[in-house]
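Quick note: numbers below take in every heavy atom, side chains included, and nothing from hydrogens, waters or symmetry partners.
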Amino acid sequence: MESISPLYSVIPEANYSPPWQNLSIIGIAGSSGSGKTSVAMEIVKSLNLPWVVILVMDSFYKSLSSEEHRKAHANKYDFDSPESIDFDLLVGTLQDLKKGKTANIPVYSFADHQRQAQTTKIYSPRVLILEGILALHDQRILDMLDVKIFVDADMDVCLGRRILRDVRERGRDIDGIIKQWFEYVKPSYTRFVDPQRHISDIIIPRGRDNITAIDMVVKHIQIKLQEKSEQHTAELHKLGLIAADIKLPPKVHVLPSTPQLLGMHTILQSPETEHVDFVFYFDRLASILIEKAMDMTSYVQGDVETPQGNHYMGLKPEGIVSAVAILRGGSCLETALKRTIPDCITGRVLIQTNENNEEPELHYLKLPPKIEEHSSVLLLDPQMSSGGAALMAVRVLVDHGVDERNIVFVACAAGELGLKRLAAVFPNITVIVGRIGEEGEPRWMEKRYFGC
């Protein structure tokens, strides 16, 4: 168990929950072929939000024994019974995502009737749509749902859709599909699927063509998200008030104001500086920052034999050093990064501020493989003002298993309040800053660096 940081002891209220924590989960149930997937896609399209995921329950079919596998290929296995679904794994996955953690989603092959060895990793989205014939069957799942939907359709229509889908997408023959429909699908619908209609919040007949019903669902989700957004903004404001009264901790390193650094900052901030000169001096400053960051990474003793045959006792990196750029600004620092660490493994995280509510939003995420095993992770962003994007980016790394003590945040300029916010919530990360900027200073460095 980790010891409690002294900073947490002083301000126990200092914590940060990203907007996607306690995510909204929408459950969509209905007969096979009723149009559940189409309704889910229409909801995603109408929401028009980043980081919305559709989770199909088919991925959670149980692995079959040899005998069950033989029956499945002979169309004699009941895939529509609750017994065919690994509800324990599904519930555990939803609980992890609800808490803002990553989850490994099984990959199921309908041609082989088996789970595959590989999985698909997803990070907790803002909205998750759980779609499946038994999405409203398990009480544990019902307790986590924000909206419960039942898609209704005529059973003959459902059969026709199922035949088209299974022949085209799953390589089945028509006789086997019809046999399975009357022996398993239709009886299971009466016994397990149809009762979910009575516990749903809304019944959608005609599937995606029912624009009115889909619009009602979307508006309900938007209201829930707005409430969470307002709560997130209020928490950031409260955190700023708390952090304003603390001093910058020793792990926040601001480069000393030497004549060389003051001269470079002057050139960078002058509107008369030509673009080519701005890029040159920015890369110089960024190189100094990254070199300073490397001083904060872990080293072990290293013994090398020189060309003259002498032994030199020095140091070498303890493990892998990787870097994650907060796009798009973080890309400015990558030229200096490659000059300092040519073989550095890099990742990307795109966080943009919503112009309507000034809330940072996660749009894209691609981290280096096994990043949780790296000895140091540099988090790159040229400017930090309020600290909202930095808090979110560090939270993403921590949620993916990166030890807080292994993170080194690098910025050319940062507001003091933003630094205090970051240090209050994550006291164990190391921060390297070129200069303390004005509070609320707009982001301008990447615009000048890229010329747009």
Side-chain angles (χ1 to χ4, degrees), residues 15-30 35-56 93-101 122-132 135-136 138-152 196-239 350-364 386 388-389 391-392 395:
N15 55 68
Y16 173 74
S17 298
W20 58 84
Q21 207 162 68
N22 191 26
L23 81 160
S24 297
I25 304 180
I26 315 302
I28 302 181
K36 301 181 297 300
T37 302
S38 298
V39 169
M41 294 295 292
E42 283 298 314
I43 292 174
V44 172
K45 180 181 176 181
S46 299
L47 282 173
N48 192 27
L49 290 172
W51 224 249
V52 179
V53 170
I54 298 175
L55 183 61
V56 182
T93 299
L94 293 177
Q95 288 173 341
D96 285 344
L97 293 173
K98 192 85 170 173
K99 295 174 184 176
K101 299 180 180 179
I122 65 171
Y123 184 42
S124 184
R126 295 195 68 177
V127 177
L128 183 140
I129 300 176
L130 177 65
E131 178 257 291
L136 311 181
D138 192 293
Q139 185 60 48
R140 295 170 296 175
I141 294 176
L142 290 174
D143 293 338
M144 288 186 277
L145 297 180
D146 291 87
V147 183
K148 301 181 287 291
I149 299 171
F150 187 89
V151 179
D152 196 15
Q196 296 174 106
R197 176 199 307 269
H198 309 295
I199 57 174
S200 62
D201 297 317
I202 183 169
I203 299 172
I204 301 183
R206 306 191 312 280
R208 66 179 179 183
D209 295 329
N210 196 328
I211 299 173
T212 302
I214 292 175
D215 187 57
M216 289 173 57
V217 173
V218 169
K219 282 184 168 55
H220 178 80
I221 298 171
Q222 289 171 335
I223 291 172
K224 288 286 186 182
L225 292 177
Q226 181 60 33
E227 291 173 355
K228 292 180 180 181
S229 175
E230 292 172 357
Q231 182 180 357
H232 178 249
T233 303
E235 287 178 358
L236 282 176
H237 178 70
K238 180 182 176 183
L239 182 58
L350 175 57
I351 296 173
Q352 292 183 329
T353 300
N354 188 307
E355 295 181 356
N356 296 323
N357 55 23
E358 298 299 317
E359 181 184 56
E361 294 179 340
L362 180 64
H363 287 255
Y364 175 78
S386 67
L391 283 168
M392 185 175 287
R395 180 79 264 167

**side chain to side chain contact (heavy atoms under 4.5 Å, CB included) assessment of Leu23 paired with Lys98** = CA-CA 5 Å; Leu23 81 160; Lys98 192 85 170 173; 3.9 Å; yes
Only pairs under 3.5 Å count here: list side-chain donor-acceptor contacts from residues 35-48, not counting sequence neighbours, and write none if there are none.
from  : atom 1 : to     : atom 2 : distance (Å)
Lys36 : NZ     : Ser31  : O      : 3.0
Thr37 : OG1    : Glu131 : OE1    : 2.7
Ser46 : OG     : Glu42  : O      : 2.9

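- In this structure Asp138 satisfies the side chain to side chain donor-acceptor pair (under 3.5 Å) test together with Arg140, sequence neighbours excluded.
- Pairing each heavy atom of Leu136 with each of Ala29, the nearest pair is CG-CB, 3.7 Å.
- To the nearest 0.5 angstrom, Ile122 atom CD1 is 4.5 Å from Leu97 atom CG.
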**Audit row: Ile129, Ile28, side chain to side chain contact (heavy atoms under 4.5 Å, CB included) steps and yes/no** = CA-CA 7 Å; Ile129 300 176; Ile28 302 181; 3.6 Å; yes
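- For Lys224 (side chain) and Ser24 (main-chain N/O), no donor-acceptor pair under 3.5 Å exists by modelled atom type.
- Applying the salt bridge (charged side-chain N to carboxylate O under 4.0 Å, His left out) test to every pair with at least one member in residues 206-218, sequence neighbours left out, gives these pairs: Asp215-Lys219.
- Atom CG of Leu142 sits about 10.5 Å away from atom OG of Ser200, to the nearest 0.5 Å.
- Taking Asp152 as the reference, Arg197 meet the side chain to side chain donor-acceptor pair (under 3.5 Å) condition, with sequence neighbours excluded.
- Among residues two or more places apart in sequence or in another chain, the side chain to side chain contact (heavy atoms under 4.5 Å, CB included) test is passed with Ala389 by Ile351.
- Residues forming a side chain to side chain donor-acceptor pair (under 3.5 Å) with Gln139 (at least two apart in sequence, or on another chain): Asp143.
- Applying the side chain to side chain contact (heavy atoms under 4.5 Å, CB included) criterion to Met216, with sequence neighbours excluded, gives Ile202.
- Considering only heavy atoms from C-beta on, Ile223 comes within 4.5 Å of Glu227 through its side chain.
- Rounded to the nearest 0.5 Å, atoms CD1 (Ile149) and CG (Leu130) are 11.0 Å apart.
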**Message:** Determine whether Val151 and Asn210 satisfy the following criterion, side chain to side chain contact (heavy atoms under 4.5 Å, CB included), listing intermediate values before the conclusion.
**Reply:** CA-CA 10 Å; Val151 179; Asn210 196 328; over 6 Å; no
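- Annotation: side chain to side chain donor-acceptor pair (under 3.5 Å) contacts of Thr93 (sequence neighbours excluded): none.
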**Request:** Tell me, with the steps shown, if Leu94 and Leu128 meet side chain to side chain contact (heavy atoms under 4.5 Å, CB included).
**Result:** CA-CA 9 Å; Leu94 293 177; Leu128 183 140; 3.9 Å; yes
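- Here Asp201 pairs with Val147, Lys148 under the side chain to side chain contact (heavy atoms under 4.5 Å, CB included) rule; sequence neighbours left out.
- Summarising the geometry, atom CD1 belonging to Ile141 is positioned 9.0 Å from atom CD1 belonging to Ile25; distances are rounded to the nearest 0.5 Å.
- For His363, the side chain to side chain contact (heavy atoms under 4.5 Å, CB included) partners are Pro50, Leu350, Gln352, Glu361, not counting sequence neighbours.
- How far CD of Gln196 is from CD1 of Ile203: 11.5 Å, rounded to the nearest 0.5 Å.
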